[in-house]
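As structure tokens, the structure follows; a few thoughts come after it.
Nothing here was measured: the structure is a model prediction, and the numbers come from that model. Worth knowing before you read on, the calculation uses all heavy atoms, side chains too, and leaves out hydrogens, waters and symmetry mates.
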Amino acid sequence: SQFSSVTEYVIKQRFGRLFAEDLVYDATTQINAAVLSRAVKLLHQASMQWTPLTWSQTPPAGVSAAEHRLTFLDMLESAITEIGNRSGAAAKSFIVTGLKGRVIMATLGLKSQPKSVTGPYLVGHWDGVPVYYAPPTVLPDNVVIVGYRGESWFEAPIVYAPYLPIMTVRGSASPNPMLQNTVVAHAAGLESVAPEFVQRIEITT
């Protein structure tokens, strides 16, 4: 972004903070959202290597909707079993859910607070495990991903390796000394390395 020294002075006098501080905060937020969105897409791609587990929203005859939704907990345990059969790690470390899964888990007791963000975000914890919501632009609304992340750096479904951390550089916009430039940059590697640690659940009607 480019702005004048006068603009920065006026904003600081009125709001008590530098104009560039807001730019850096907004840019950092957008970068983090982009990284998390790509991470969820990679987890979804990794889960496509395995046959999904399916759970029907429609209760069987003679079973109430409330009782039927309790069987979704069994489906989460089945996902853990599938991960364990492939990798030996029979545990869940995180859940990423689309819209339908979030609604089902909310009726089962997941307490969450709505947030005004465009990408994935943490909605709460289920049995001590973080649950992330991903909008339909990132993850299909009927998909739930259960994943394992171990204590070791080598026990992870994806690897995030920033080789250029989020950096901010300020300088004058030559040849006009009254103009300032602020640049925010970030570069990282983000790859799926162990698809055995993820299992997909598809919610059907």
Side-chain angles (χ1 to χ4, degrees), residues 32-33 35-152 155-158 160 190 192-205:
N32 288 335
V35 169
L36 190 55
S37 294
R38 183 152 190 268
V40 171
K41 290 179 180 179
L42 287 174
L43 288 171
H44 186 219
Q45 290 175 7
S47 72
M48 299 290 283
Q49 298 187 33
W50 319 112
T51 302
L53 300 173
T54 58
W55 183 83
S56 174
Q57 283 184 298
T58 305
V63 178
S64 69
E67 290 176 323
H68 176 62
R69 289 197 171 190
L70 290 174
T71 63
F72 187 75
L73 302 178
D74 297 331
M75 189 58 59
L76 293 176
E77 293 300 320
S78 296
I80 297 171
T81 301
E82 290 294 321
I83 293 173
N85 291 339
R86 288 193 295 265
S87 66
K92 64 180 182 292
S93 301
F94 62 87
I95 298 171
V96 183
T97 179
L99 180 61
K100 291 183 178 180
R102 186 185 70 175
V103 171
I104 292 167
M105 296 184 75
T107 62
L108 293 174
L110 177 67
K111 298 186 183 303
S112 62
Q113 294 181 348
K115 295 185 179 180
S116 301
V117 296
T118 57
Y121 60 89
L122 178 69
V123 292
H125 288 78
W126 181 265
D127 195 23
V129 174
V131 178
Y132 295 87
Y133 166 69
T137 54
V138 179
L139 185 71
D141 61 2
N142 69 323
V143 170
V144 177
I145 297 175
V146 178
Y148 170 77
R149 162 72 167 94
E151 295 295 329
S152 167
E155 292 183 313
I158 60 174
Y160 169 62
L190 190 62
S192 172
V193 294
E196 294 83 4
F197 291 146
V198 292
Q199 176 62 45
R200 184 171 86 262
I201 300 172
E202 292 185 355
I203 300 172
T204 60
T205 55

Minimum side-chain heavy-atom gap Leu43-Pro157 below 4.5 Å: yes
Kindly say whether Ile145 contributes a backbone atom to a donor-acceptor pair with the side chain of His44 at under 3.5 angstrom? no
Is there a side-chain contact between Lys100 and Thr205 (heavy atoms, below 4.5 Å)? yes
When you check the side-chain N and O atoms of Thr71 and Trp55, is any donor under 3.5 Å from an acceptor? yes
Spacing of CD1 belonging to Ile95 relative to CG belonging to Asp127, to within rounding of 0.5 Å: 8.5 Å
Are Tyr148 and Lys92 side-chain neighbours, meaning at least one heavy-atom pair lies under 4.5 Å? no
Just by distance, with hydrogens left out, do Arg86 and Gln199 show a side-chain donor and acceptor under 3.5 Å apart? yes
Between Pro130 and Leu122, what is the shortest heavy-atom contact and its length? CB-CD1, 3.7 Å
Considering non-hydrogen atoms only, spot the tightest contact between His68 and Ser56 and give its length. NE2-O, 2.6 Å
Measure the CG-CD1 distance between Leu99 and Ile203 for me, rounded to the nearest 0.5 Å. 9.0 Å
Check against side chain to side chain contact (heavy atoms under 4.5 Å, CB included), His125 and Val131: CA-CA 5 Å; His125 288 78; Val131 178; 5.9 Å; no
What do the steps show when you test Val40 against Tyr132 for side chain to side chain contact (heavy atoms under 4.5 Å, CB included), and what is the final call? CA-CA 9 Å; Val40 171; Tyr132 295 87; 6.0 Å; no
Val144 versus Val96: any side-chain heavy-atom pair under 4.5 Å? no
Lys41 and Leu139, any side-chain heavy atoms less than 4.5 Å apart: no
Verify ring pair (Phe, Tyr, Trp, His ring centres under 6.0 Å) between Tyr121 and Tyr133, making sure each step is shown before the conclusion. CA-CA 6 Å; Tyr121 60 89; Tyr133 166 69; 5.7 Å; yes
Only pairs at least two apart or in different chains count here, so list each salt bridge (charged side-chain N to carboxylate O under 4.0 Å, His left out) that has a residue in residues 196-205. Arg200-Glu202
Pairwise distance CD1(Ile80) to CG(Asn85) - rounded to 0.5 angstrom: 12.0 Å
Determine whether Glu67 and Pro59 make a side-chain contact, defined as any pair of heavy atoms from C-beta on separated by less than 4.5 Å. no
Please round to the nearest 0.5 Å and tell me the distance separating atom OG of Ser78 and atom CD1 of Ile83. 11.5 Å
Hey, are the side chains of Ile201 and Val146 touching, using non-hydrogen atoms and a 4.5 Å cut-off? yes
Could you tell me whether the side chain of Thr204 reaches within less than 4.5 Å of the side chain of Gln57, counting heavy atoms only? no
From Ser192 atom OG to Phe197 atom CZ, the distance as rounded to the nearest 0.5 Å: 11.0 Å
Closest non-hydrogen atom pair, Ala156 against Ala194: O-CB, 3.4 Å
Find the distance between CG (Leu36) and CG (Asn32) and round it off to the nearest 0.5 Å. 8.5 Å
Of all heavy-atom pairs between Ser37 and Gly119, which one has the smallest distance, and what is that distance? OG-CA, 4.2 Å
Flag for Arg102-Thr97: side-chain donor and acceptor within less than 3.5 Å: no
CA sep, side-chain torsions, deciding dist, call: Trp50, Glu82, side chain to side chain contact (heavy atoms under 4.5 Å, CB included): CA-CA 9 Å; Trp50 319 112; Glu82 290 294 321; over 6 Å; no
Is a side-chain N or O of Ser87 found less than 3.5 angstrom from the main chain of Gly84, in a donor-acceptor match? no
